[in-house]
Amino acid sequence: MKILSFQPLSLYRNGGASRVLRRLYKGAENSVYSIGVTETPGKLPPGEIAEVIVPTFPLHRLWMRWKIRNLFIWLRQKVFKFNTMRQIQNAAQSVDYDTIHMIHHGPYAMALCKDELLNGKHLWVSFHDHYLTTNTNFTDTQYLWNKAHRRLVISTELGQEYQRLFNYQHYEIITDGVLPDEFSSPRKINKEEPVIIYFSGLLHLGYYPLFKVLADALDIISTQCIEFKLIMRGTQQLDFLKNRHYKVEYRTNFISDEAIKQEMDMATILYLPIKFNNPEFYMYSLSTKMVGYLASPGSVLYHGPADSAAYKMLKEANAAICCTTLTVDDMVIAINELIKNKGEVSENAKKLACEKFNFDTIRERFWQTKIN
């Protein structure tokens with residue numbers, strides 16, 4: 001099987017979607033060719049999978065802020081959209097493949113849906129998020145849901161919603177997972193030692209209110225003679241984290257999956273924020289970073305809506321301590337509860353990861369040759 005992988009980013013950028021794809025393709029790199037899209041300039045680290053990156057026009061620059069940023073987004077996604085799609089199509093025409101595996105996300109998701117590119121090929125479509133959150137639309141999503149030979153979804157909630165919206169079609173759960181050697185023993189929190197709070201991933205504006213609540217709560221608890229260190233992997237610097245009563249460390253360089261795992265294993269608390277203002281996202285999606293958090297020694301601190309897919313799963317398994325408001329006092333209570341916890345939620349998290357996210361099983365399911 002020769003796969004043409006098409007996604008709205010490079011396989012070798014920091015981020016959950018790229019990480020999942022790299023892990024799914026591991027061991028079969030010579031059978032995969034990747035086409036990604038980038039909106040930002042700069043070199044990407046090399047990888048084992050052959051990849052071409054199509055730049056959009058105009059590329060995003062740091063000086064593009066406020067209203068001018070919106071103008072360039074409009075130019076990129078409206079005026080020059082079809083030029084970018086032609087570049088993607090040209091890149092695909094030079095590749096030998098029998099299967100297209102595409103991520104349904106972004107304005108260029110339909111670029112490979114031309115008869116000359118699809119005819120005689122298998123089409124696998126991964127739906128990571130609800131279409132209302134992915135800069136796509138109902139019509140295109142409906143087409144892909146019914147056209148695909150395989151529909152790979154991130155959660156049961158999303159699969160059932162798409163069956164309701166578009167048609168009853170078979171789907172499979174394909175997301176991140178945990179390998180046997182990635183499980184760590186649960187660890188109790190020792191408040192006599194520095195408590196390390198870790199967050200890994202891209203940070204968008206919608207998450208700022210959650211981080212502000214966390215920041216203020218840590219300041220309050222720091223007066224109780226507990227030393228905290230907040231580590232941010234892959235995020236930009238945040239002004240409201242300056243002059244706090246605890247240490248803040250930013251780690252921005254790209255590192256391997258193995259190195260990220262080592263960082264997570266050093267953490268005492270793994271912070272999992274889900275923004276409150278986007279129900280189409282939180283009701284149907286599961287954060288890929290959550291899976292890695294579950295297998296780490298530390299304990300998960302969930303911060304987000306009480307009706308999200310992630311909350312329901314974590315709460316049912318008692319695999320995290322949860323704060324479901326934007327109230328600082330509630331976050332203080334949650335963190336104190338986590339500090340007092342004797343490792344029970346961490347132990348339950350390992351059980352949940354083993355039951356739901358065995359990556360050997362997930363990868364075997366992905367590479368099956370049977371087409372439903």
Side-chain angles (χ1 to χ4, degrees), residues 7-9 15-21 24 101-107 109-110 124-148 150-177 201-207 209-210 271-294 300 302-317 319-320 322-326 352-353 355-357 359 362 365-366 372:
Q7 58 284 324
L9 69 177
S18 296
R19 179 176 182 273
V20 173
L21 291 173
L24 285 174
H101 175 220
M102 60 166 287
I103 306 296
H104 175 250
H105 197 114
M110 298 294 287
W124 301 355
V125 183
S126 285
F127 300 92
H128 283 185
D129 299 299
H130 194 284
Y131 75 89
L132 288 174
T133 70
T134 61
N135 199 8
T136 53
N137 59 57
F138 181 97
T139 302
D140 291 347
T141 309
Q142 184 180 48
Y143 171 86
L144 288 170
W145 180 257
N146 290 290
K147 181 74 172 178
R150 294 179 72 188
R151 288 150 291 275
L152 315 176
V153 302
I154 201 166
S155 69
T156 301
E157 288 84 355
L158 183 60
Q160 291 176 344
E161 176 66 1
Y162 275 15
Q163 285 180 332
R164 184 186 72 83
L165 288 173
F166 304 128
N167 196 9
Y168 185 88
Q169 300 280 10
H170 177 79
Y171 65 82
E172 305 161 70
I173 305 295
I174 299 290
T175 182
D176 201 1
L202 301 175
L203 188 59
H204 304 291
L205 288 173
Y207 289 95
L210 289 89
Y271 182 55
L272 180 64
I274 304 291
K275 56 186 178 181
F276 288 80
N277 59 353
N278 197 340
E280 287 81 15
F281 173 77
Y282 67 69
M283 289 178 65
Y284 305 110
S285 295
L286 291 174
S287 168
T288 54
K289 71 171 64 68
M290 179 190 76
V291 180
Y293 284 1
L294 291 175
V300 177
Y302 170 87
H303 189 192
D307 57 346
S308 74
Y311 174 83
K312 292 174 184 177
M313 179 180 290
L314 293 169
K315 190 68 175 178
E316 182 179 354
C322 303
C323 176
T324 58
T325 74
L326 288 173
L352 177 61
E355 292 171 3
K356 297 284 189 180
F357 302 104
F359 199 68
I362 292 171
R365 188 187 309 144
F366 175 81
N372 295 295

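At least one side-chain heavy atom of Leu314 sits less than 4.5 Å from a side-chain heavy atom of Leu294. Between Tyr162 and Arg151, the closest side-chain pair of non-hydrogen atoms is not below 4.5 Å. A heavy-atom distance below 4.5 Å is not found between the side chains of Thr175 and Leu286.
In this structure, His130 contributes its side chain and Leu132 its backbone to a donor-acceptor pair below 3.5 Å. In terms of modelled atom types and a separation under 3.5 Å, the side chain of His105 and the main chain of Phe127 share no donor-acceptor contact. With hydrogens and angles disregarded, no donor-acceptor distance shorter than 3.5 Å links the side chain of Gln169 to the backbone of Gln163. With hydrogens and angles ignored, the 3.5 Å screen pairs a side-chain donor or acceptor of Trp145 with a backbone N or O of Asn167. With Arg365 contributing its side chain and Ile173 its backbone, the two residues share a donor-acceptor pair below 3.5 Å.
Between Tyr293 and Tyr271, the ring center distance fails the sub-6.0 Å criterion.
Taking both residues in full, the closest heavy atoms of Phe357 and Asp176 are given as CD2-O, 3.6 Å, listed atom of the first, atom of the second, then distance. Shortest non-hydrogen contact noted between Pro209 and Gly206 is CD-O, 3.5 Å.
Tyr171 meets the ring pair (Phe, Tyr, Trp, His ring centres under 6.0 Å) test with no other residue; sequence neighbours excluded. When the salt bridge (Lys or Arg N to Asp or Glu O under 4.0 Å) test is applied to Glu161, the partners found at least two apart in sequence or on another chain are Arg164.
More than 12 heavy atoms of other residues, nucleotides or ligands sit less than 6.0 Å from atom NZ of Lys275.
Side-chain polar atoms of Ser285 and His128 form no donor-acceptor pair below 3.5 angstrom. Between the side chains of Tyr302 and Ser308, a donor-acceptor pair is found at a separation under 3.5 Å. The closest side-chain donor-acceptor pair between His104 and Tyr131, if any, does not fall under 3.5 angstrom.
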Report the C-alpha distance between Asp129 and Thr134 in whole Å, list the side-chain angles of each, state the deciding distance to 0.1 Å, and finish with yes or no for side-chain hydrogen bond (donor to acceptor under 3.5 Å, both in side chains). CA-CA 7 Å; Asp129 299 299; Thr134 61; over 6 Å; no

For a side chain to side chain contact (heavy atoms under 4.5 Å, CB included) check, start with the C-alpha distance between Ser18 and Leu9, then their side-chain angles and the critical distance, and finish with the verdict. CA-CA 8 Å; Ser18 296; Leu9 69 177; 3.1 Å; yes

